[in-house]
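What follows is a short report on a single structure.
Reminder, nothing fancy here: chain letters follow the sequence lines and each chain counts from 1.
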Protein chains: 2
Amino acid sequence: MKDNNDMPGHLARRFQQIAVAVFLAEVEDAGFDLTPVQYAALATIKANPGLDQVTLAGLIAYDRTTITGVIDRLVQKGLAERRPSSRDRRARELEITGEGRRTLRKITPAVESAQRIMLRGLSAKEGEELMRLLRKAIAAGNELSRAPLRDAQV
Amino acid sequence: MKDNNDMPGHLARRFQQIAVAVFLAEVEDAGFDLTPVQYAALATIKANPGLDQVTLAGLIAYDRTTITGVIDRLVQKGLAERRPSSRDRRARELEITGEGRRTLRKITPAVESAQRIMLRGLSAKEGEELMRLLRKAIAAGNELSRAPLRDAQV
DNA sequence: TGATATTGCTCAGTATGCTGACTATCAGTA
DNA sequence: TACTGATAGTCAGCATACTGAGCAATATCA
């Protein structure tokens, strides 16, 4: 019988578990209350002003039913706004608020620190190699989840 | 501004997302209804008959509040049993049932297939290297999550 | 022994993620 | 233009994960 440590699925779960814990701890130490998921969504809204929810979901590989709640919480915290689209009455356009911008700016050091901490057992070269291999495995498996990564349709 | 693809945290989330989707798809194709988390718990109960919930949680790095629901579902499916411990009246002893054994045995090919599929973008050597680096990063970060990996106290 | 600390487990509440279903709207075509 | 299929978003329901609180039982130590 294979050990858990030989199962990439188990290692994936465990690494993700640690990554989230480190992120939340660093962000809280910096005085903010933002999850990794909320951070990625907010940063993507800032980089793509006016995008709709499906496009946002595709850019960060979230499920469309998950993004609704994430945006709800960003809006509730005053970090983002949801407006009806003028071009498509089904869609909602997303914008970052001034408060959202300030939060992103101030939170960046904590986010970068978290990324370092979650790789602290590895040398710089090993960290790069881990990211390369993850990117490669993810690219090959992109279509296997319900929420694949998608380019923005511009 | 760093890209998501340079964030180990984002890559961790994405790889885990694909790993779970692949696992569930393979297991369902094989005619079973078991999540990765439930599988790991059941396999660990089989390997450590009579263990209590805290020990089980430590062996697979689950939170103690998460394990309760997982076991509930294993018991409800008739794959495991929860009995009061004779040595410690606070604790519950866990046992796998015959049905649980049969399920584990029949599900193994699907589980192994899933592990291969989630690494299908990598060569065998790269897959080994990815697992090595994940193990190393996880070992260094073990204490950073609320649910660290623990050895069984035998 | 008696007080205190610790441990095993559960529960309520919150946040992802997913399945599947539904409404409203849009786009393509006969 | 009317029909058909696809798309944007939401909702209900389920399964992890976590925080924090609480209960019962055990362990420790003055």
Side-chain angles (χ1 to χ4, degrees), chain A residues 9-10 12-14 16-25 28 33-41 51-58 60-74 76-77 82-94 144-148 150 153, chain B residues 9-10 12-14 16-25 28 33-41 51-58 60-74 76-77 82-94 144-148 150 153:
Chain A
H10 181 81
R13 177 190 156 281
R14 188 79 185 98
Q16 150 80 353
Q17 180 183 43
I18 291 169
V20 171
V22 168
F23 186 101
L24 291 175
E28 190 188 344
D33 170 33
L34 208 65
T35 67
V37 161
Q38 289 164 16
Y39 170 81
L51 84 175
D52 64 288
Q53 296 188 190
V54 166
T55 303
L56 171 59
I60 46 186
Y62 292 5
D63 193 272
R64 70 183 190 285
T65 63
T66 300
I67 208 78
T68 300
V70 174
I71 297 171
D72 282 350
R73 287 179 279 279
L74 288 177
Q76 216 249 310
K77 289 176 181 175
R82 178 153 46 185
R83 292 194 308 253
S85 164
S86 49
R87 294 170 318 227
D88 185 338
R89 275 186 297 166
R90 292 169 303 180
R92 317 297 191 85
E93 286 176 1
L94 305 173
L144 301 179
S145 78
R146 167 160 142 163
R150 297 279 180 231
Q153 304 297 330
Chain B
H10 181 80
R13 177 190 156 281
R14 188 80 185 98
Q16 150 79 353
Q17 181 183 42
I18 292 168
V20 171
V22 168
F23 185 101
L24 291 176
E28 189 187 346
D33 169 33
L34 208 64
T35 67
V37 160
Q38 289 164 17
Y39 170 80
L51 84 175
D52 64 287
Q53 296 188 190
V54 167
T55 303
L56 170 59
I60 47 187
Y62 293 5
D63 193 90
R64 70 183 189 284
T65 63
T66 300
I67 208 79
T68 300
V70 174
I71 297 170
D72 282 349
R73 287 178 281 278
L74 288 177
Q76 216 250 309
K77 290 176 181 175
R82 178 153 45 186
R83 292 195 306 252
S85 164
S86 49
R87 294 171 318 227
D88 185 336
R89 276 185 295 167
R90 291 170 303 182
R92 317 298 190 86
E93 285 176 2
L94 304 173
L144 301 178
S145 78
R146 167 161 142 163
R150 299 277 181 233
Q153 304 298 328

Subject >> For atom NE2 of A:His10 and atom C1' of D:dA17, their distance in whole Å >> reply: 15 Å
Original post:
Taking CG from A:Asp52 and C1' from C:dC26, how many angstroms apart are they, rounded to a whole number?
Top reply: 13 Å
**OP:** Give the rounded distance in Å between these two atoms: CZ of A:Arg150 and C1' of D:dA8.
**Re:** 16 Å
Subject >> Distance in angstrom units between A:Ile60 CD1 and C:dT16 P, rounded >> reply: 11 Å
**OP:** Look at the side-chain N and O atoms of B:Arg73 and state whether any lies under 4.0 Å from the OP1 or OP2 oxygen of D:dT16.
**Re:** yes
Original post:
Just wondering, do A:Gln17 and B:Pro148 contact through their side chains at under 4.5 Å, heavy atoms?
Top reply: no
**OP:** Please figure out whether A:Glu28 or B:Pro36 has its closest DNA chain D nucleotide nearer the 5' end.
**Re:** B:Pro36
Subject >> B:Arg82 side chain near B:Leu94 side chain, heavy-atom distance below 4.5 Å >> reply: yes
Original post:
ring-ring contact (aromatic ring centres under 6.0 Å, His included) with A:Phe23: which residues, sequence neighbours excluded?
Top reply: A:Tyr39
Subject >> B:Thr35 or A:Glu93, whichever maps to the more 5' nucleotide of DNA chain D >> reply: A:Glu93
Original post:
If only side-chain N and O atoms of A:Arg87 are considered, is one of them under 4.0 Å from the OP1 or OP2 phosphate oxygen of D:dA8?
Top reply: no
**OP:** List for me each residue that meets side-chain hydrogen bond (donor to acceptor under 3.5 Å, both in side chains) alongside A:Thr65, sequence neighbours excluded, and say none if there are none.
**Re:** A:Asp63
Original post:
Could you give the CD1-to-C1' distance, from B:Ile67 to C:dC11, as a whole number of Å?
Top reply: 16 Å
**OP:** Whole angstrom is fine here: how far is it from CD1 in A:Ile71 over to C1' in C:dA15?
**Re:** 15 Å
Original post:
Looking only at heavy atoms, what is the nearest atom pair of A:Ala41 and A:Ile60, with distance?
Top reply: CA-CD1, 3.7 Å
Original post:
Looking only at side-chain N and O atoms, does A:Thr68 come under 4.0 Å of OP1 or OP2 in D:dG9?
Top reply: no
Short heteroatom pairs, N/O only, protein and nucleotides 1-7 of chain C, under 3.5 Å:
from: C:dT7; atom 1: O2; to: B:Arg90; atom 2: NH1; distance (Å): 2.3

**OP:** Check whether any side-chain nitrogen or oxygen of B:Gln16 sits under 4.0 Å from OP1 or OP2 of D:dA17, and answer yes or no.
**Re:** yes
**OP:** Apply the test side chain to side chain contact (heavy atoms under 4.5 Å, CB included) to residues A:Leu56 and A:Val70: give CA-CA distance (whole Å), side-chain angles for both, the deciding distance (0.1 Å), then the verdict.
**Re:** CA-CA 11 Å; A:Leu56 171 59; A:Val70 174; over 6 Å; no
Original post:
Can you list every salt bridge (charged side-chain N to carboxylate O under 4.0 Å, His left out) pair that touches residues 16-25 of chain A, not counting sequence neighbours?
Top reply: none
Subject >> Separation of C:dG17 C1' from B:Phe23 CZ (nearest whole Å) >> reply: 16 Å
Subject >> Reading 5' to 3' through nucleotides 18-23 of chain C, protein heavy-atom contacts under 4.0 Å coded B for base, S for sugar-phosphate only, - for none >> reply: BBBB--
Original post:
Can you check the A:Asp72 CG to D:dA12 P distance for me, whole Å?
Top reply: 12 Å
Subject >> Stepwise side chain to side chain contact (heavy atoms under 4.5 Å, CB included) test for B:Gln53 and B:Ile71 >> reply: CA-CA 9 Å; B:Gln53 296 188 190; B:Ile71 297 170; 3.6 Å; yes
**OP:** Pick base, sugar-phosphate or nothing for B:Val20, based on heavy-atom distances below 4.0 Å to the nucleic acid.
**Re:** nothing
Original post:
Side chains of A:Glu28 and A:Asp33: does their closest heavy-atom pair fall under 4.5 Å?
Top reply: no
Subject >> Shortest side-chain distance from B:Gln53, nucleotide among C:dT16, D:dT16, C:dT10 >> reply: C:dT10
Subject >> Any residue meeting side-chain contact (heavy atoms from CB on, under 4.5 Å) with B:Arg90, in chain and number order, not counting sequence neighbours >> reply: B:Asp88
